[in-house]
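Small disclaimer: the values here were computed from a predicted structure and weren't measured. We're numbering straight along the sequence, starting at 1.
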Amino acid sequence: MIETYLQLFYTFFKIGLFGFGGGYAMLSMIQYEVVEAHQWLTAGEFTDIIAISQITPGPIAINSATYIGYQATGGSVLGSAVATFAVCLPSIIIMALICRFFILFKENKYVMAALSGMKPAAIGLIAAAAILLMNKQNFTDYASVLIFIGTFALSYFFKWGAIRTIILAAVAGYVIY
């Protein structure tokens, strides 16, 4: 069982270390590690975790790590704590270093060039996560496609906030299903 905890720590530390662009950018990495590499969850369970992580307070990657740690260790709270700590630890270390050295190098052309390269990469990872979630588990019928189109339109064209959009989608799901 200790091996599972070590794998969990290593997996989520790696995700936290290389997951530039925030939680949504990390989703494709998390999905690969959890569903394909370690098979701790099925694709359907992963999709459910993403949905739950979006509606619970906190960052999506941390919420996902907490639940995945719980599932991967057979319902252990320690598994949740290990995965959550592991995904947060790289950010804590990196931010401590950045805070210490960024003031010295903020005008450095190499630092600016590296940041310019990471911005489109982060957007690409977020797009990959969105495409990854467009599967049969999420789009089961025409109603789910209409909810997707409606929430996209409300968010993109009408600039509705995420909270109102999620609440409306939840009400629509409740009424339809």
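Here the straight-line distance linking atom OG1 of Thr11 with atom NE2 of His38 works out to 3.0 Å at 0.5 Å rounding. Rounded to the nearest 0.5 angstrom, Ile147 CD1 and Thr165 OG1 are separated by 12.5 Å. Residue Met95 holds its CE atom at 13.0 Å from SG of Cys88, rounded to the nearest 0.5 Å. To the nearest 0.5 Å, atom CD of residue Gln71 and atom CD of residue Glu45 are 6.0 Å apart. The CD1 atom of Ile55 lies 10.0 Å from the CG atom of Asn63; values are rounded to the nearest 0.5 Å.
Put simply, the side chain of Ser64 reaches to within 4.5 Å of the side chain of Ile50, judged on heavy atoms. Residues Leu133 and Leu27 meet the side-chain proximity criterion, which asks for heavy atoms closer than 4.5 Å. Between Met112 and Glu107 there is no side-chain heavy-atom pair separated by less than 4.5 Å. Looking at heavy atoms from C-beta onward, Gln7 lies in side-chain contact with Glu3 at the 4.5 angstrom threshold. At least one side-chain heavy atom of Leu78 sits under 4.5 Å from a side-chain heavy atom of Tyr5. Looking at heavy atoms from C-beta onward, Leu17 lies out of side-chain contact with Leu89 at the 4.5 angstrom threshold. For the pair Thr140/Tyr177, a side-chain contact is recorded, criterion being any heavy-atom separation below 4.5 Å from C-beta on. In this structure, the side chains of Thr47 and Thr42 stay at 4.5 Å or more apart for every pair of heavy atoms.
Of all heavy-atom pairs between Ser144 and Asp141, the closest is OG-O, 2.7 Å. Across every non-hydrogen atom of Ala129 and Ser28, the tightest pair is CB-N, 4.2 Å. The two residues Gly79 and Leu8 make their nearest non-hydrogen contact at O-CD2, 3.4 Å. Of all non-hydrogen atoms in Ala143 and Ile176, the two that sit nearest each other are CB-CG2, 3.6 Å. Minimum interatomic distance between Ser116 and Pro120 (heavy atoms only, all atoms of both residues): O-CD, 3.0 Å. Taking each heavy atom of Met26 and Gly16 in turn, the nearest pair found is CE-CA, 4.2 Å.
Proximity of a side-chain donor or acceptor of Asp48 to a complementary backbone N or O of Ala51 within less than 3.5 Å is not detected. Using modelled atom types, one side-chain atom of Thr151 and one backbone atom of Phe148 make a donor-acceptor pair closer than 3.5 Å.
Other residues, nucleotides and ligands place more than 12 heavy atoms under 6.0 Å from the CG atom of Leu104. Heavy atoms of other residues, nucleotides or ligands lying less than 6.0 angstrom from NZ of Lys159 number more than 12.
Linking Ile, Leu, Val, Met, Phe, Trp and Tyr whenever their side-chain heavy atoms come within less than 4.5 Å leaves Met1 and Tyr10 in two separate clusters. There is a path of hydrophobic side-chain contacts, each under 4.5 Å, that joins Phe18 to Ile60. A continuous path of ILVMFWY side-chain contacts below 4.5 Å connects Trp160 to Phe152, so both sit in one hydrophobic cluster. Under the 4.5 Å side-chain contact rule for hydrophobic residues, Val35 and Leu125 do not share a cluster. Cluster membership check: Phe158 does not share its hydrophobic cluster with Ile166, using side-chain heavy-atom separations under 4.5 Å among Ile, Leu, Val, Met, Phe, Trp and Tyr.
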task: Show the numbers, then the answer: is there a side-chain contact (heavy atoms from CB on, under 4.5 Å) between Ile68 and Ile49?
output: CA-CA 8 Å; Ile68 292 164; Ile49 288 172; 3.8 Å; yes
message: Please evaluate residues Met29 and Lys14 with respect to the criterion side-chain contact (heavy atoms from CB on, under 4.5 Å), reporting the C-alpha separation (whole Å), side-chain torsions for both, the decisive distance (0.1 Å), and the verdict.
response: CA-CA 9 Å; Met29 294 173 63; Lys14 180 173 58 173; 5.5 Å; no
task: Please step through side-chain hydrogen bond (donor to acceptor under 3.5 Å, both in side chains) for the pair Thr66 and Ser80, ending with a clear verdict.
output: CA-CA 4 Å; Thr66 303; Ser80 292; 5.9 Å; no
message: side-chain hydrogen bond (donor to acceptor under 3.5 Å, both in side chains) for Thr4 and Thr73? Distances and angles first, verdict last.
response: CA-CA 7 Å; Thr4 303; Thr73 57; over 6 Å; no
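Between Phe9 and Phe13, the ring planes lie parallel to each other; the angle is under 30°, not in the 30° to 60° tilted range. Between Phe12 and Trp40, the ring planes lie parallel to each other; the angle is under 30°, not in the 30° to 60° tilted range.
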